[in-house]
Protein chains: 2
Amino acid sequence: MGRKRLHDAADGRPTVHTVAARAGVSIASASRVLNGVGGSAETVRRVREAAAAVGYVPNAIARSLQSQRTGLIAFAVEDIGNPVYVAMMRAIEAVVAESGRQLLVHATSGQVASETALLRRLAHRYVDGMIISPIRVTDSHVEAMTASPVPVVVIGQLPDAVPVDNVRTDSRTGAGLAVDHLVAGGRTRVAFLNGPLDTVPGVARDAGFRAAVARHGMSADLIEVGDFQYAAGRAAAERLLARSRPDAIVCANDLIAVGALHALLVSGLRVPEDVALVGMDDTELAQMSYPQISSVSLGSEIRGRLAAQLLLDRIADAGLPPRREQVPPSLVIRASSGGGA
Amino acid sequence: MGRKRLHDAADGRPTVHTVAARAGVSIASASRVLNGVGGSAETVRRVREAAAAVGYVPNAIARSLQSQRTGLIAFAVEDIGNPVYVAMMRAIEAVVAESGRQLLVHATSGQVASETALLRRLAHRYVDGMIISPIRVTDSHVEAMTASPVPVVVIGQLPDAVPVDNVRTDSRTGAGLAVDHLVAGGRTRVAFLNGPLDTVPGVARDAGFRAAVARHGMSADLIEVGDFQYAAGRAAAERLLARSRPDAIVCANDLIAVGALHALLVSGLRVPEDVALVGMDDTELAQMSYPQISSVSLGSEIRGRLAAQLLLDRIADAGLPPRREQVPPSLVIRASSGGGA
DNA sequence: TTGTAGGCGTTATCAT
DNA sequence: ATGATAACGCCTACAA
């Protein structure tokens, strides 16, 4: 009745004190046993028994305060609905979980403000590190990343001077692979449905496409721009078809490609007979479509895994020099461009 | 030069002590000002200035130890690649973010062991609450949920006696809606591609399908079972077509439906002319397919939002009686069953 | 309004 | 091997 708390936590749950008292040892001994370091056979037995009896579970927060780490890794991504990020997330989660940590997922909506706010919040140290895959990289991103007290790994391009670990691919070359493949298949009017030109991937893919068509002596006038979503891809394809009649379309990602496929089929065009289609990112979506869509793989799983490993390495040793990993693009040919079923 | 730490944290970052010292006040005053409670105009000014000067950011862990809450909400889901969970996650994240908290996402792979392990780990109190959507519910789930010191909300069915907040829908009725619609459209050989029968949704949908076909005086022999994935749907449809010739197929979710669509198209059947198709969950996938797939909406976003709200309410007041919310299914008709484009 | 002091639950240090 | 004690960084009575 109203007796003062003795050893239990504020909410009545057992603490080390509870266990120690019950086992008749000091909290130091109890803690040691609970952490598996030291203790005589008898002490170990009594502490274990006491802990089991009261249902002791260590408080993760208190432990974090002491150890200066939370065991949490954050993954910030603009659109969790895009399968490419799901693939990355899975790969990251696997590595993170194996290291005994947990993954925190942030949706940023691609807003620069919310991404930098997120990066700044890292200063609160509620996570041990963050993997971020920004589609726009601004000065405030860079500033926030370099100022962060906890390690940050970027999946994507980053100015060379920025001393932050990063994993990149080469979607410029990737776009070229798609064009080369289509031209090799005899296509002569190759169009391109891109994402926004104020994004890093948008710019890279635009450059890659233009360089490739130029290489083949073709003009680069069949370009439409939208955002990186299904609806935008469909709309862009409709605009394209309204003004021209391409015999092949390269899409800046698979969502756009699926939207374009929809528009093509609706307008009665056959894929790949009338129009060949190539997407990018090689997500599940490309395989789930009918016909299945050829796609430029940018190694999402590999990039995710590498990013997670870079991050864990840096958490283990902050003194490491900044590292960069590069994952080469490769083309996966499927039915939409005349490949297999 | 090896001078002892004064007021900074172990890693050299400023703490309240740093700010207080610089402002020439006590840490209590500094803390008060930093939290916006009390302080004379002059004190407020000096503390603010000092905090800004040293770039003070409060340590989230220390604050959590004090406040007994982490500001984290967990969402545990078996397959983060399924768009239905992405939809739920988005809805949950919106509510959670609005409350100033952050979302932690766990992938359980649907393993009972890993789900209960997760629930047990809640005892560590590293999150303020958890939303879980298990497709199997075992005694150990129930036990772990009721024993959890932090609130748990379940999205899905739960035995009535279990005193845990939950949000459910009625996929049994949902399956019936699909059958009714197909029969109304003149289909007489309606098949069903279901997920595993040892899962809660698998059982409910099976019951719903059987009851509905019986209601229409039809037999329920065109049933194939796989798991809730694309590949399984495709394989199940292939098995089905190998042994029979249905004129309509109900699928237990959209992933299965997309797989079935693939199999149908590959085998040269037209959708909906030869075979009508209805999925379930009404995910983006249904809209992205061609033809677009009719689907039974189970209100994923609504369920996610409700679950998040139930959880926040309970965090605010642990004394609340257990609550249940029910979201009714509804049919969204699209081209795959003879509806619009 | 302000400062002192104690506690949140854990681990680490340092005598014993 | 063990126990008393001091952090970890923050908040908050309580007293001044």
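Below, chain A is the first sequence line, B the second, and so on; all start at residue 1. Keep in mind the model is a prediction, meaning the values are calculated, not measured.
Atom CG of Leu72(B) and atom OH of Tyr126(A) lie 8.5 Å apart (nearest 0.5 Å). Taken to the nearest 0.5 Å, the CG atom of Leu104(B) stands 9.5 Å off from the CD1 atom of Ile73(B). Taking CG of Asn166(A) as the start and CG of Leu306(A) as the end, the distance is 11.0 Å to the nearest 0.5 Å. The CE atom of Met89(B) sits 5.5 Å away from atom CD1 of Ile80(A), with the distance rounded to the nearest 0.5 Å.
OP1 or OP2 of dT2(C) sits under 4.0 Å from a side-chain N or O of Thr43(B). Of the side-chain N and O atoms in Ser40(B), one or more sit less than 4.0 angstrom from OP1 or OP2 of dT2(C). Listed pair Asn35(B) / dC11(D) meets the phosphate criterion, a side-chain N or O lying under 4.0 Å from OP1 or OP2. For Arg63(B) and dC11(D), the shortest distance from a side-chain N or O to OP1 or OP2 is below 4.0 Å. Between dC11(D) and Gln68(B), no contact under 4.0 Å exists linking OP1 or OP2 to a side-chain N or O. Residue Thr15(A) has no polar side-chain atom (N or O) positioned under 4.0 Å from OP1 or OP2 of dG9(C). In this model, the phosphate group of dG9(C) is not approached by any side-chain N or O of Tyr126(B) to a distance below 4.0 Å at OP1 or OP2. Between Ser31(A) and dT10(C), a side-chain N or O to OP1/OP2 separation shorter than 4.0 Å is absent.
Side-chain proximity of Ile27(A) to the nucleotides dA4(D), dG9(D), dT11(C) is greatest for dT11(C). Closest approach to the Arg32(B) side chain among dA13(D), dC10(D), dA4(D) is made by dA13(D) (side chain taken as heavy atoms from C-beta onward). Listed nucleotides dG9(D), dT13(C), dG9(C) differ in distance to Ala62(A); the shortest reach to its side chain belongs to dG9(C).
Rounding to whole angstrom units, CG of residue Asp8(B) and P of dG9(D) are separated by 9 Å. Between Arg69(A) atom CZ and dT10(C) atom C1' the separation is 16 Å, expressed in whole Å. As a whole-Å value, the separation of Asn59(B) CG from dG9(C) P is 17 Å. Here the C1' atom of nucleotide dA1(D) and the CZ atom of Arg45(A) are 16 Å apart, to the nearest Å. The separation between Leu34(B) atom CG and dC10(D) atom P is 9 Å, rounded to whole Å. When the C1' atom of dT11(C) is taken as reference, atom CD1 of Ile61(B) falls 14 Å away, rounded to whole Å. His17(B) has its NE2 atom 12 Å from the C1' atom of dT4(C), to the nearest Å.
You'll find a donor-acceptor pair under 3.5 Å spanning the side chain of Gln66(B) and the base of dG7(C), going by distance alone. Under 3.5 Å, the side chain of Arg13(B) and the base of dG9(D) form no donor-acceptor pair of N or O atoms.
In summary, the side chains of Ser67(A) and Arg69(A) do not present any donor paired with an acceptor at a separation below 3.5 Å, with no hydrogens or angles considered. Side-chain atoms of Thr108(B) and Glu115(B) form a donor-acceptor pair, as typed in the model, at a separation below 3.5 Å.
Nearer the 5' end of DNA chain D, as judged by each residue's closest nucleotide, is the contact made by Gly38(A), out of Gly38(A) and Ala28(A). For the pair Gly39(B) and Leu65(B), nearest-nucleotide mapping onto DNA chain C gives the more 5' position to Gly39(B).
Counted within 6.0 Å of CD on Glu42(B), heavy atoms from surrounding residues, nucleotides or ligands total more than 12; the atom is thus considered enclosed. The neighbour count for Arg48(B) CZ, taken as heavy atoms of other residues, nucleotides or ligands under 6.0 Å away, does not exceed 12.
End-to-end axis angle for the helix from dT1(C)-dA16(D) to dT16(C)-dA1(D), using five pairs per end and rounding to 10°, comes out at 40°.
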